[in-house]
Amino acid sequence: MTEPLLSIRGLRKTYATDKGLLTAVDGVDLTLARGETYALAGESGCGKSTLGKIVAALIAPDEGSVRFDGQELVGLSPARLRPLRRRVQMIFQDPFSSLNPRATVRRIIEEPLIVHGMRGRTERRRAVAEMMDRVGLRADAADRYPHEFSGGQRQRIGIARALILKPDLVVCDEPVSALDVSVRAQILNLLSDLQKELGLAYLFISHDLSVVQYMADKVAIMHLGQLVETAPRAAFWDAPRHPYSQALIRARPNPDPRRRLQDKPILEGELPSPIGKRQGCDFRSRCPLAFDRCTAEAPRLHTLGPAHRAACHLVEGAAAPSDA
């Protein structure tokens, strides 16, 4: 069996606050294959971006393992981590704040090459020109500044910067959420085309399930730092098993104007605090199917089919708990 490009086990990340420890990522397991898009979805504040930054080695976890192409990243010294950083890059959510306003487009895109000591000046300029063309930017844009471009064009600059080092894995952190609806499809199509052309793997973070449905090969739903369901795309859309997944899918905007707004389910109840120790299922306060066991015992991820798992007591009888 081919070794996965990315393997995450038992990942945990907390932050100290005035009120106690806030748990951002709690016991996450995830495996990503080469050339695959694994979408990580959930509401804002559920820990998606924190997980993405851990994978990109921008922050360190408190516990757990992150193996990239067979090598453990957690605990590596900066010197040993440096060559691996070239192979894992990130596209950020906000194309307005993620670009240096004082740098030209050429400088922004070539900076990773400079940082990693790659190529001479002439070679860098050639590489930048080729990458700009690949992402749909005109050559005469190289000497202009970010404020001279639209949001979609700025995100193309961010994509070019992420890909200039020819990475194997790109963490896409809400790459279209800050863009106009009319531009989102263009950027998603560009990311899809680049993936096919360059053989990229994406960890694709989004709160928009319509975007997830378009991009993902596999889907992971995150709720308060924990994965509550993981599945291949078809299995997830055809038969979501966790009540939270079902609610998210039903809550998607529907382009049919005949569908009445009151037909959409509303998740009622309060989220438990992510600060301090929690007991039971974190979704129980908003789950219409919750029962006594949900208050006393946290559910484990149970295997329901090939690569399909859900953390819910209601599915426990369908299969044995997963050890993966």
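Here the structure is a predicted model, which is why all the values come from computation and not from measurement.
- Leu169 and Val219 are assigned to two separate hydrophobic clusters, defined by single-linkage of ILVMFWY side chains at heavy-atom distances under 4.5 Å.
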Is there a side-chain contact (heavy atoms from CB on, under 4.5 Å) between Val228 and Phe283 once you walk through the steps?
-> CA-CA 9 Å; Val228 297; Phe283 187 59; over 6 Å; no
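- Of the residues listed (Ile54, Val25, Asp26), the one engaging Arg12 in a side-chain contact (heavy atoms from CB on, under 4.5 Å) is Asp26, and it is the only one.
- No path of Ile, Leu, Val, Met, Phe, Trp and Tyr side chains, each step under 4.5 Å between heavy atoms, connects Leu209 with Leu40, placing them in separate hydrophobic clusters.
- Contact between Leu271 and Arg286 at its shortest, heavy atoms only, is CD2-NH2, 3.4 Å.
- With a 6.0 Å radius and a threshold of 12 heavy atoms from other residues, nucleotides or ligands, Arg293 has its CZ atom above the threshold.
- Between the side chain of Ser192 and the backbone N or O of Leu188, no donor-acceptor pair lies under 3.5 Å.
- Judged purely by atom type and a 3.5 angstrom limit, Asp133 has no side-chain atom pairing as donor or acceptor with the backbone of Ala129.
- Rounding to the nearest 0.5 Å gives a distance of 11.0 Å between CD1 of Ile91 and CD1 of Ile205.
- By the 4.5 Å heavy-atom criterion applied to side chains, Arg82 and Val115 are counted as neighbours.
- Within the 4.5 Å cutoff, the side chain of Gln155 has no heavy atoms near those of the Val183 side chain.
- Under the 3.5 Å distance criterion, the side-chain polar atoms of Lys48 are matched with a main-chain donor or acceptor of Glu43.
- For His313 (side chain) and Glu297 (main-chain N/O), a donor-acceptor pair under 3.5 Å exists by modelled atom type.
- Side chains of Ser177 and Arg184: a donor-acceptor N/O pair is absent below 3.5 angstrom, by distance only.
- Rounding to the nearest 0.5 Å places CG of Leu113 at 9.5 Å from CZ of Arg86.
- Rounded to the nearest 0.5 angstrom, Ile108 CD1 and Ile157 CD1 are separated by 6.0 Å.
- Minimum interatomic distance between Pro167 and Val88 (heavy atoms only, all atoms of both residues): CB-N, 4.3 Å.
- By the 6.0 Å contact criterion, CG on Asp292 is open, its count of non-hydrogen atoms from other residues, nucleotides or ligands being 12 or less.
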For Phe149 and Leu99, what are the C-alpha separation, side-chain angles and deciding distance, and is it a side-chain contact (heavy atoms from CB on, under 4.5 Å)?
-> CA-CA 11 Å; Phe149 297 89; Leu99 303 178; over 6 Å; no
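- For the pair Leu179 and Gly152, the tightest heavy-atom approach, listed with the atom from each and the gap, is CD2-N, 3.9 Å.
- The pair Arg241-Glu229 does not count as a salt bridge, with every side-chain nitrogen at least 4.0 angstrom from each carboxylate oxygen.
- Under the 4.0 Å criterion applied to side-chain N and carboxylate O atoms, Arg87 and Asp168 are assigned as salt-bridge partners.
- Summarising the geometry of Pro95 relative to Ala178, their closest heavy-atom pair is CD-CB, 4.0 Å, with the distance given to 0.1 Å.
- For the residue pair Asp173 and Gln93, no side-chain donor N or O sits within less than 3.5 Å of a side-chain acceptor on the partner.
- Rounding to the nearest 0.5 angstrom, the gap separating the CZ atom in Phe92 from the CG atom in Leu58 is 5.5 Å.
- Put simply, the side chain of Glu174 gets close to the backbone of His207: a donor and an acceptor are under 3.5 Å apart.
- The main-chain N or O of Ser77 is never found under 3.5 Å from a side-chain atom of Arg80 such that the two would form a donor-acceptor pair.
- A distance-only check finds no donor-acceptor pair linking the side chain of Arg309 to the backbone of Thr230 [under 3.5 Å].
- In this structure, Lys53 places its NZ atom where only 12 or fewer heavy-atom neighbours from other residues, nucleotides or ligands lie under 6.0 Å away.
- In this structure, CZ in Arg102 is found 11.0 Å from OH in Tyr145, a value given to the nearest 0.5 Å.
- Taking both residues in full, the closest heavy atoms of Pro4 and Thr31 are given as CB-CG2, 3.3 Å, listed atom of the first, atom of the second, then distance.
- The line from NE2 of His147 to CZ of Arg154 is 8.5 Å long, rounded to the nearest 0.5 Å.
- Counting heavy atoms from C-beta outward, His242 and His223 have side chains that stay 4.5 Å or more apart.
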For side chain to side chain donor-acceptor pair (under 3.5 Å), just list the numbers for Arg278 and Ser273, CA-CA rounded to whole Å, side-chain angles, deciding distance to a tenth of an Å, and then say yes or no.
-> CA-CA 8 Å; Arg278 306 193 296 269; Ser273 172; over 6 Å; no
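- Screening Arg125, Arg124, Arg161, Arg121 against Glu110 for a side chain to side chain donor-acceptor pair (under 3.5 Å) leaves a single residue, Arg124.
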Trace of the side-chain contact (heavy atoms from CB on, under 4.5 Å) decision for Tyr202 with Leu194 | CA-CA 11 Å; Tyr202 290 148; Leu194 290 169; 4.1 Å; yes
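- Residues Leu22 and Leu224 fall into different hydrophobic clusters, defined by Ile, Leu, Val, Met, Phe, Trp and Tyr side chains chained together at heavy-atom separations under 4.5 Å.
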Would you please test Met118 and Leu165 for side-chain contact (heavy atoms from CB on, under 4.5 Å) and show each step?
-> CA-CA 9 Å; Met118 299 174 65; Leu165 291 174; 3.4 Å; yes
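- Side chain of Glu36 to backbone of Asp217: no donor-acceptor contact under 3.5 angstrom is found.
- Not one N or O on the side chain of Gln89 forms a donor-acceptor pair closer than 3.5 Å with the backbone of Leu163.
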